Structures are given as structure tokens and as C-alpha cells.
Amino acid sequence: MSKAPLLQIENLHVRFKSDRTVHAINGLNLHLQEGEMLALLGESGSGKSVTLKTLLRLLPPKRTEIDGTVQVNGTDIMTLSGTRLSAYRGGDVSMVFQEPALALDPVYTIGDQIAETVMRHKSVGRAEARQVALDMLTRVRIPSPERRLKNYPHEMSGGMRQRAMIALALASRPKLLLADEPTTALDATVQIQILLLLRELQREFGMSIIFVTHDIGVAVEISDRVAVMYAGNIVESGSTRDIIKDARHPYTRGLLAANLHGVDRGRRLDTIAGSPPSLETKPDACSFAPRCTEARPQCLRALPPFFAPSPGRQVACNLEEGYSPASHGLTAAPAIAC
Amino acid sequence: MASAISPLAASSPSGTTVTAPKTRSYWSNVLRRFLKDRIAVACAVILLLLILAAIFAPWLDLADPYRGSMIKRLRPIGTEGLPLGSDEQGRDMLARLIYGGRLTLLIGLLPVVFAFFIATVLGVAAGYAGGWVNTVIMRTVDVFFAFPSVLLAIAISGALGAGIVNSLVSLTIVFIPPITRVAESVTSSVRSLDYIDAARASGGNALTIVRVHVLGNVLGPIFVYATSLTSVCMILAAGLSFLGIGVKPPEPEWGLMLNTLRTAIYVNPIVAALPGVMIFITSLCLNLLSDGLRSAMNVKD
């Protein structure tokens, strides 16, 4: 048996309460080993960002109901509060946001912002914190880092800002980095640079990364393992290679088919017909069934169980019913650690 | 390990030999842009002169602003020994105008400064906390908004009685609501931005976030708005004195002087108008200065 996972999410439910209730996450289970890079794949509204924000307890507490356990390094983060929560956020787990132009404070220099985080978590003086900031900017390969320390966010390009954001997130050496579509706001050439940088830094620091994206190409490029989300739950997960070669869930297959590579001019692109469910009611059957071309009567009656067609894989689809059920929907398989 | 990462290596020269213009800090940028604005600089110079004259009035070898003369009443400008003439009691107008600047500027600026601090605390608290805190603070502020500011100032001053301290208090109360309103709206727009979430995600507690990231972003706009209120405050203060519920005679104060010289408007109109001219110049300069500050502090262009 491999050692205890770094992150362990069990049966997570997140509901947003207001005039109407939105069931954003419905019974999500997820494990992550140390040093593992997981891509969380799914379309808009499938609950990827909500999962990340739950991990950092960033959701507004008054309007959010959270059930289930989330353990990081053996600590149940739902019990954290006050200074321990502050130490956890940014110390054990930190986050890179989608739009670096908005996630950096416009009135402070990059150096000040990184130094502030370092001073908070490492209890060191300002001079030493600035040294760490300089070191971090060098590590994320920003040219002439001394000068960039004194730059304001609006004086830098998009790719540069995202590098600075990564430096900020990694300054206190977290064990887990959450990346919320960090390359969506960047152009294609910068995008691949940032992806490679993240992968390199991940090896350098030995941390784990959860990488949220809706771009399957990006997921393939960077991750060890892929989890596909749909309507607030993971419908399929497995190693990146397995998912690409042999996608089992009809939704994953649809996502893989709906890309632009090898498409002839004039031919209609493959798409998945229909649109995602509204999530105003808690799903009690397969959420994808209404759009699924292979749906069976039982798909509309009850939630499909998880099956494990091969080690390290799990698929929530009735088409797989020949295989043994995955234990409690968990990836307790040996093959996950890369 | 790094060998597989060729695109990266190409994009990032390892040395720091890149030559680029030295980046200026934010405030030196603001100063540079402000100095380009001729009108604002001229206004700043005039205000500075007025303030310096007011501060150093006792050392300027002026006549006694309180000592009148029954013979030399209402002399025109340019009379020997009385460069700006004399008022209805024969007191030197130049001395009275300069000494009057002390009180006028004081009760013109202090209420805005006090209101700036109090209203920033209230507005930021309301904007950041939201919910019922916001409701309580902002609805209370709205009550004060229901009265026209002049009427409110007169009412409070009238209730408290005449005097310098009382007019300071009443003017402070008058200026808290508008600044609070601005502080609240700026704060609640900043609160929902990504970098506040990012600060929380990197472990900042509420106090740090408010102190560093909220205040850092809202103080500028609030400050500029408050500067634009100083001219209004000066005029209001002068108005209170004019009505006899502000500064008491024989203290020299521009509004009060305007009131007492009112009776001489047909005898010596130019001298009678001088306090009004001072009020006009000062408030105009304050307005133009705050305009210049606003455009100089706007980074996002």
C-alpha cells in the first residue's frame, strides 16, 4: 500500500444557497499523492473552480453549505480557523489565478507583494523576504529580476505577470499548488512556456499540483493524471495516457472528439449535443444521460456506480458494468503515484 | 532536468544584462505628471503662499489686526500706511486679511481632515464587512444626507452655539456622510476583485487585507474627493461666520469680515469685497489643485 495521500477529498458536497439552491459539487472523491500533477478537466460550470476554492475555504461561508471531508496532510481543513487557517492558506496550499492582471494588487510592486507573503509565513525580516522574492523571480525565469522587483503589475506583460503570480504562490514553498486555468488569459506561445515552467518547478520543489483547465490539449501536455468533471462530480479519472488512448466515459470521448486537429476544411466539427444540466436540483441519475448517445434506461433511474476497468482508472458509467466496481469510488489503486 | 525545457531557456536569458530605462516609483511618476500641469502648479504655489503667510503672520511686521482708529475708517486701497485700505473700524485690511487666513484656513481644512479619517474608517468597514454592518452604517449616513449641507451645518452650529470649536464639530459632521458614501462604494468595488481573493488564498487575515490591500487601493480616490470638499468647507465656514454662528468678532476671519464690511459696500466697495476675493481665490485654487491631483494620481492610462 502506498503512503497516505497528500490530499484526500471524500464525498464532498457543495451547495450555494440563495433564492434558489445550486448543487455545485455532488459527492466528489479525489486523492492526490505527493509530487503528483493532476489535471481537472471539464467545461464551464462543471465545478472545477468551486473544488479549488473549497480547498482553500475561499467560498463565502454564509451562502455555502459544505459536506464531506477534505484532508490535506492528514488535517481536516474544514475544522481550521483563525491563525491556523491563515497559516494553511498560502503556507501548505496556495493558488495561481486565471487572470494575473486582476489577482495582483495594482498599487504595490511585485517585490513588495511577494515579500509580504514570505514575511507572513516564514516570520523573517523585510530584507530577507526581499531576498527570497528576488530568488523566486529568478526561479520563474523572469529576465532582470532585480528591476522587476520594483515594477508594478501594470508595467509587465501578461506572461510576465503570470510568472510573478507563480513566484508569489510558490514563495512559501507550498506542498500543493492549485492552478485555476493559469494559461487561459495568455496567448499560445506564452501558454506553453508557462506550462513547461510549472512542470519544471513542480519537479524542482517536489510539490503536487492540481491544474484546472478546459483545454484537453493543455491537460495532456502537463499532467500525470486526469480527472474529468461533469455536473459537479468526477465522471472519469485515470492516468493521462490511459485517458487519451482509451477514454471510457461517453463525455470524455466527446471532449476528445471535439478538437480541431485533423479536421478537414468544410466538415462540421464534432460537438456534444445539448448543454449541461442546471444543477438546481440534486442529480439522482446520470447527469450526462440526456446528452448521451448510448444512454440506457438504467442511466435515467439512478446514479451510475464507479467501475474500475483497469488499475488506477475509474469510470462512472453503466456501460462499464462488466468490470468490478471501484471501491467506494476511490482511486485506491497502486498505479497512481507517478 | 532542464534539458527538456528548451522553449523556456530560449525565452529567458540567464544574465541580467537587459538594459531598460530605470523604472520610476509611483510617487515620482505622480509628481512628474503633476508638475506638467501648469494650472495645478500655479494653484499649489498660491495656496502655499497663503498658508505660509498665515503661519508666519506674527513675524511679517504687520500692523495690529485688532487695533482700530476712529479717524482712518474705510480708507481706499493704497492709502499711505494702509496698503489695502482699512475696514469700518479703521483696522489695517492687509493685516486682517493675513491674520484672517489663519482661522479661515484652519476651519476650512480641519473639518475635512477629521471627516476624512472618520469617514474612511466607517466607509471601509461598511464596504468590506457588508451585510448588516453596511446597512446600519449607510442608512445612518443617509439620514444626514436628507438635509442640505448648509442647512445641516447651520442647524448643528445653532444648536451648539457660536464659537470656533463648535463650528469645527458641525462642519466635520456635515462632511462625514459624503466621504463615507464614496469610501463605501470604492471599497465594495475593490472587495470583489481577484487580488483580494488572492490575498486571502495566500493566508492574509481580514485585518491585513483591509490594511494593506483595501486601504492601499481606496485611499487615493477618497483623498482626492476629500480635497475637492475643502473649498466647499471653506465657503461653508465663512458662511457660518457671516451668519454670526461661527467665529465671533473681533477675531479676523474672512467670512465674518465680509459680513461686517457688508454695510460699507456703497462707501468703499473694493475694500468691502476683499475678504470675498480671498475666499474666491482660495476655493478656486483648492478645486483646481484637487483636479490636478486626480489626473496625476490616475495610474491606469
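As the structure is a prediction and not an experimental result, all values here were calculated from the model.
- Side-chain contact between B/R200 and A/L85 is absent, with no heavy atoms from C-beta onward closer than 4.5 Å.
- Heavy-atom minimum distance, A/H121 versus B/G203: NE2-CA, 4.1 Å.
- In this structure, the portion of A/V93 lying under 4.5 Å from any heavy atom of chain B is its backbone and not its side chain.
- For the atom pair CG of A/L102 and CG of B/D197, the computed distance is 11.0 Å after rounding to the nearest 0.5 Å.
- Contacts of A/K53 with chain B are made by side-chain atoms alone, with heavy-atom separations under 4.5 Å and no backbone atom involved.
- Heavy-atom distances place no part of A/Y88 under 4.5 Å from chain B, backbone and side chain included.
- Residue B/D194 holds its CG atom at 9.0 Å from CG of A/D180, rounded to the nearest 0.5 Å.
- Heavy atoms closer than 4.5 Å to chain B are found in the backbone of A/L104, but not in its side chain.
- Taking every heavy atom of both residues into account, B/A198 and A/A103 meet most closely at CB-O, 3.5 Å.
- Exactly one of B/V212, B/N217, B/L219 qualifies for a side chain to side chain contact (heavy atoms under 4.5 Å, CB included) with A/V107. That residue is B/N217.
- Heavy atoms from other residues, nucleotides or ligands lying under 6.0 Å from CZ of B/F34 number more than 12.
- Under the 4.5 Å side-chain criterion, counting only non-hydrogen atoms from C-beta, A/E116 is in contact with B/H213.
- Around atom CZ of B/F145, more than 12 heavy atoms belonging to other residues, nucleotides or ligands sit under 6.0 Å away.
- The shortest distance between side-chain heavy atoms of B/Y195 and A/P153 does not fall below 4.5 Å.
- The number of heavy-atom neighbours closer than 6.0 Å to CZ of B/F114, taken from other residues, nucleotides and ligands shown, is 12 or below.
- Among the candidates A/R57, A/E99, A/M165, A/R89, the residue making the largest number of heavy-atom pairs closer than 4.5 Å to chain B is A/R89.
- A 6.0 Å sphere centred on CZ of B/R38 holds no more than 12 heavy atoms belonging to other residues, nucleotides or ligands.
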